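I have placed the structure first, in the form of structure tokens, so that the comments after it can refer back to it.
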Number of protein chains: 2
Amino acid sequence: MTTIKDVAQKAGVTVTTVSRILNNRGYISDATRQKVHAVMEELNYQPNEIARSLYRRKSNLIGLIIPTVAHPFFSELSSYIEYYAYEAGYKILLCNSHLDKVKEKEYLDMLKRNKVDGIIMGSHTLEVDDYINPKLPIVTFDRCISNDIPYISSDNFQGGKLATSLLIERGCKKIAHISGNLNLSLLANKRYEAFIAEVNNRNVEHVTVQTEINVFDSKQYEKLIHRLFEEHPDIDGVFSSSDNMAANVIKVCYRLNKNIPADVKIIGYDDTMVASLLVPQLTTIRQPIEEMGRLAIELIIKQINQEEVEKKNILPVKLIERETT
Amino acid sequence: MTTIKDVAQKAGVTVTTVSRILNNRGYISDATRQKVHAVMEELNYQPNEIARSLYRRKSNLIGLIIPTVAHPFFSELSSYIEYYAYEAGYKILLCNSHLDKVKEKEYLDMLKRNKVDGIIMGSHTLEVDDYINPKLPIVTFDRCISNDIPYISSDNFQGGKLATSLLIERGCKKIAHISGNLNLSLLANKRYEAFIAEVNNRNVEHVTVQTEINVFDSKQYEKLIHRLFEEHPDIDGVFSSSDNMAANVIKVCYRLNKNIPADVKIIGYDDTMVASLLVPQLTTIRQPIEEMGRLAIELIIKQINQEEVEKKNILPVKLIERETT
DNA sequence: TTGTAGGCGTTATCAC
DNA sequence: GTGATAACGCCTACAA
């Protein structure tokens, strides 16, 4: 490995001078500057960022913990997060927790040991203390962990309301809601709350099911949905808490020879790529994924710079009506 | 930040002793060991991995450069890569190049400056020199950069052949192939070659189109496919080089009132999640994504350990026949 | 069994 | 303008 020493030696100066040139500090004669630059070029010198990080006590690393990047929502979100991080001079350490408490804690510790400058949590099953001890810039998605930790979320209640009332307006008489795990105290649960509120308010028959996020087990989902339709053959509207799940609903309806949207109307959530890839194209609630990613980086960086940040960041959602309603 | 010094001081020993305990080296009396452990616990001490990396000249970091993690194939691949990396004690630095030459070079340099122990390239538009200088463990996907750099690929020729001959056997008389950018000299181009070979061999009429990978521009794809069917209304078979693209073909067929598989048969490539999420479920060529991810990590680690590795790693593909053929 | 000291590659504070 | 030197936090010969 070629270091600053090698450059200094070959250029006939000391490391101080090379370092100065590297960082554009202090006065340097044009002659030496040229020479040193030439040598750096020749030796193909690249400053060691690890040494820099150690000295500066700043790694320019941001840890990203999500359930799994294989899920379309998180994969799109990650792509934006990485994009904006890179623009701001930060790098992303990717961690897939699979919503496993143990793994999540391990990742959290690992990130701390690696002195990341901040952590973005898209997955959280742990207790508050694990996050804030010691104080480290954090932003979470979809969960209010404590009053100190800023969180980003889209307007889940509004989303749930929009979805439910659309189905009702389209004439659905018995609506099913398929939610994620409601015990995780995620803000996403507000979709459920909104559903219940709306359906009760308008006096519409309804039924709900919970599932775990497990991208890879599509078969499992199908079974669940199949059973749902068996037990309630008169369901004519489904509000699914993710586009992927909604895709499974479409599949099952197709098998059951239920026409969409004539017999059953379906609405998803997220507006990931799959939504517009499906046939029929999925009506869904769009979360502003890019904006969420951008904001996550902004909030982390502001915290790094000791600036005050808004704790509660609720972004607007939007109903995207396509062909399933 | 609490360092090894703080621990040493509070425990009434020197840093050496603490370091020894941390690394399980040399003889330590039970008394001091207990005491030091207690103090570490109390101070919530975590060794600084940056300092360790500097000393050991090993970061346990692996750089992952891909076009974009928002693409289902790379998102699934990344998820496996991260999984196996973590198992082996490595961390993943995520880089989305968007197939931009400049960005790719910047990422490459960034990774070198950050002293990653290896690089996994799922995106490569650069010249050989940029990669091998200096010598750093690398593995690439789907591209043979030089004889020194190991690469992983699935059996693209076989995949192309399987796909094409299936369509022919199912009675297609005029087959379209939608490929990626053939100028990138990716091994994926062998799918194209196999297609041409097979179709010529069996004397079947055919037509081909190239596209850029751009996940987000589904509309663009639709237009392209639409035009294809306009110019060649008699196409009755489509071999698409990705599942996503195939999904767009399904969509367009649906619009054009072409029945699948009666009027048009479609086969995709990759077997990403979307393939089984679609209606009708997509017939496709499965790449062993998990195995590719696992192997990438294995090859990197072997190189890190100075072991010899196989340069050419071609994994088998498998025809997954579903409902579109 | 434990301590001292030097070094990993870089930057900043003083001198000259 | 440029050069010693100490420090960032950790690890390991070599001593004791």
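Letters A, B, ... mirror the listed sequences (proteins, then strands); counts begin at 1. Keep in mind that this is a model prediction, so the values were computed, not measured.
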One would report the end-axis bend of the helix from C/dT1-D/dA16 to C/dC16-D/dG1, five pairs per end and rounded to 10 degrees, as 50°

Please state whether the base of C/dG7 and the side chain of B/R57 form at least one donor-acceptor pair under 3.5 Å? no

Just how far, in rounded Å, is P of C/dT11 from CD1 of A/I28? 13 Å

Does one side chain, of A/S75 or A/S78, offer a donor that lies under 3.5 Å from an acceptor on the other? no

For C/dT10, does the base pair up with any side-chain atom of A/S53 as donor and acceptor (N or O, under 3.5 Å, distance only)? no

Quick one: how far along DNA chain D does chain A reach, first to last nucleotide 5' to 3', anything under 4.0 Å to a heavy atom? D/dG1 to D/dG9

Determine: side-chain N/O of B/T32 to OP1/OP2 of C/dT2, distance under 4.0 Å, yes or no. yes

Does a side-chain N or O from B/S29 land closer than 4.0 Å to OP1 or OP2 of C/dT2, or not? yes

Rounded to whole Å, the NZ-C1' distance (B/K5 to C/dT4) equals 14 Å

Taking the six-membered ring for Trp, are B/Y90 and B/Y84 closer than 6.0 Å centroid to centroid? no

Check whether A/Q303 reaches the backbone of A/V309 with its side chain - one donor and one acceptor, N or O, closer than 3.5 Å. no

Residues A/S29 and A/T32: side-chain donor-acceptor under 3.5 angstrom: yes

Should A/T16 be listed as having a side-chain N or O under 4.0 Å from OP1 or OP2 of C/dT11? no

From CA spacing to verdict: salt bridge (Lys or Arg N to Asp or Glu O under 4.0 Å), B/R294, B/E291: CA-CA 5 Å; B/R294 196 199 57 70; B/E291 177 58 12; 2.9 Å; yes

Can you tell me the distance, in whole Å, between the OH atom of A/Y55 and the P atom of C/dT11? 9 Å

Distance-only side-chain donor-acceptor flag, A/K112 / A/N114, under 3.5 Å: no

Roughly, in whole Å, what's the span from CG in A/N23 to C1' in C/dT10? 9 Å

Can you confirm whether A/E87 is buried at CD, in the sense that more than 12 heavy atoms of other residues, nucleotides or ligands lie under 6.0 Å from that atom? yes

With under 30° as parallel and over 60° as perpendicular, where do the rings of A/Y83 and B/H98 fit, or are they tilted in between? perpendicular

